[in-house]
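Everything numeric in this text was worked out from a predicted model, so none of it was measured. Remember, it's 1-based here, ligands and their atoms both numbered in the order they're listed.
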Amino acid sequence: MKTRIGLLALLFLAVVVAAGAQAPARGAGQGRGAAAATGAQIHGNLLQVMRGIIFPASNVVFTAQDDPTKVEEAVDPSTSPNPLNSSYGQWQAVENAGIALAEAANLLTIPGRMCSSGRPAPVQNADWQKFVLGLRDAGMQVYKLALTKDVDKMVDAADAVAAACGNCHDVYREKTPEQGGPKNRCLPS
Ligand code: HEC
């Protein structure tokens, strides 16, 4: 059995955070925040970014200590790599997923990121920026719908996300052989 310093540290942190988690999340869902000059936008507070992006990603690593091919045997549900049954699970996991998607949109605006085709991500293109906005809006729609705790609304949430992904993929990811195939990813259609 390997030492699990990371996991134990995380569990301690989770307890501390949970103790202060009853207050409303400050800065939550305030829409387009500052940082307009760089195009970056703030949708989640730090707590939400931690829960929505960093906590799920790190739990994958911590769980992998027990063998990533046997994830169903992972012992501790609180740090489950499945956000829906982790410490911040169920409806809160859906809220966090919305924040994660909206914040992840910021990562699609940073100049200099390359596509697998060797072409730069076209962050300066107007339609790319529109698709990024679509992902932000879909993420925040998920967040707001999750707050209603109405399971029927999750169909709308999923539709919004799928549309936001597909709108951009149709133009910049899906490349038929006639369009030159994957080497033309990140070129407009
Ligand atoms: C603003 C444009 C844009 C948006 C929005 C977007 N994607 Fe993508 N996505 C791309 C591009 C371009 C690629 C190809 C990247 C490459 O090959 O380097 C890609 C690739 C991917 C891949 C990898 C495909 C492969 O070849 O293995 C996955 C998975 C993916 N996207 C999922 C999503 C999901 C899920 C969403 C919505 C929640 C989403 N993307 C939203 C542009 C976008």
Side-chain angles (χ1 to χ4, degrees), residues 28-29 31-33 35-44 48-61 63-64 68-69 71 80-86 88-148 151 153-189:
R32 318 244 146 77
T38 60
Q41 295 180 355
I42 307 300
H43 293 285
Q48 290 171 318
V49 173
M50 292 291 156
R51 289 176 174 180
I53 301 173
I54 295 176
F55 178 76
S58 61
N59 285 340
V60 173
V61 180
T63 304
T69 66
V71 65
S80 169
N82 175 356
L84 286 167
N85 64 9
S86 75
Y88 309 112
Q90 301 188 14
W91 284 109
Q92 194 178 85
V94 187
E95 288 176 34
N96 291 335
I99 294 290
L101 290 169
E103 290 286 350
N106 287 323
L107 305 178
L108 304 180
T109 67
I110 301 169
R113 195 189 303 283
M114 302 301 283
C115 296
S116 62
S117 59
R119 301 174 189 281
V123 298
Q124 73 291 343
N125 289 8
D127 61 348
W128 180 272
Q129 290 166 5
K130 187 183 75 181
F131 298 142
V132 169
L133 187 60
L135 182 58
R136 286 180 173 137
D137 288 347
M140 293 315 289
Q141 197 179 340
V142 171
Y143 175 71
K144 286 177 189 135
L145 291 174
L147 292 175
T148 70
V151 74
K153 297 214 163 73
M154 288 303 103
V155 178
D156 297 336
D159 280 351
V161 171
C165 312
N167 288 341
C168 191
H169 290 168
D170 286 349
V171 177
Y172 286 107
R173 188 182 81 170
E174 316 305 348
K175 298 295 176 188
T176 62
E178 294 72 40
Q179 293 170 314
K183 74 173 178 357
N184 280 345
R185 278 184 168 183
C186 287
L187 273 186
S189 295

A.B. asks: Counting each atom of ligand 1 from 1 as listed, which ones have a heavy atom of R185 under 4.0 Å away?
C.D. replies: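 Close to R185: 14 (C), 16 (C), 17 (O), 25 (C), 26 (O).
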A.B. asks: For ligand 1, which atoms have a heavy atom of V161 less than 4.0 angstrom away?
C.D. replies: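 Going through ligand 1 atom by atom, the ones under 4.0 Å from V161 are 38 (C).
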A.B. asks: Closer than 4.0 Å to some heavy atom of C186 - which atoms of ligand 1 meet that?
C.D. replies: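 Those qualifying, in numeric order: 12 (C).
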A.B. asks: If the cut-off is 4.0 Å to any non-hydrogen atom of C115, which atoms of ligand 1 fall inside it?
C.D. replies: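 Matching atoms, with element in brackets: 18 (O).
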A.B. asks: For ligand 1, note which part of H169 has a heavy atom under 4.0 Å away: side chain, backbone, both or neither.
C.D. replies: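 Near ligand 1, H169 shows its side chain, while the N, CA, C and O stay back.
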A.B. asks: Any donor-acceptor pair under 3.5 Å linking the side chain of S58 with the backbone of F55?
C.D. replies: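 Looks like yes, one N/O pair under 3.5 Å.
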A.B. asks: For atom 27 (O) of ligand 1, is some protein heavy-atom partner under 4.0 Å away?
C.D. replies: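 When distances to the protein are checked, atom 27 (O) of ligand 1 has no heavy atom within 4.0 Å.
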A.B. asks: Closest by any non-hydrogen atom to atom 18 (O) of ligand 1: pick that one out of S116, S117, A164.
C.D. replies: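 It is S116 whose heavy atom sits nearest to atom 18 (O) of ligand 1.
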A.B. asks: Mark up the atoms of ligand 1 that fall under 4.0 Å of a heavy atom belonging to C168, in ascending order.
C.D. replies: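 Atoms satisfying the 4.0 Å criterion: 1 (C), 2 (C), 3 (C), 4 (C), 5 (C), 42 (C), 43 (C).
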A.B. asks: Output the list of atoms in ligand 1 that are nearer than 4.0 Å to some heavy atom of F131, sorted by atom number.
C.D. replies: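 Matching atoms, with element in brackets: 1 (C), 5 (C).
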A.B. asks: Please report the closest heavy-atom contact between I99 and V49, naming both atoms and the distance.
C.D. replies: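 So the two residues come closest at CG2-N, 4.4 Å.
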A.B. asks: Within a distance under 4.0 Å of any heavy atom of L135, pick out the atoms of ligand 1 and give their elements.
C.D. replies: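 Every atom of ligand 1 under 4.0 Å from some heavy atom of L135: 37 (C), 38 (C).
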A.B. asks: N/O to N/O below 3.5 Å, does that happen between W128 and ligand 1?
C.D. replies: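 N/O-N/O distance under 3.5 Å: no.
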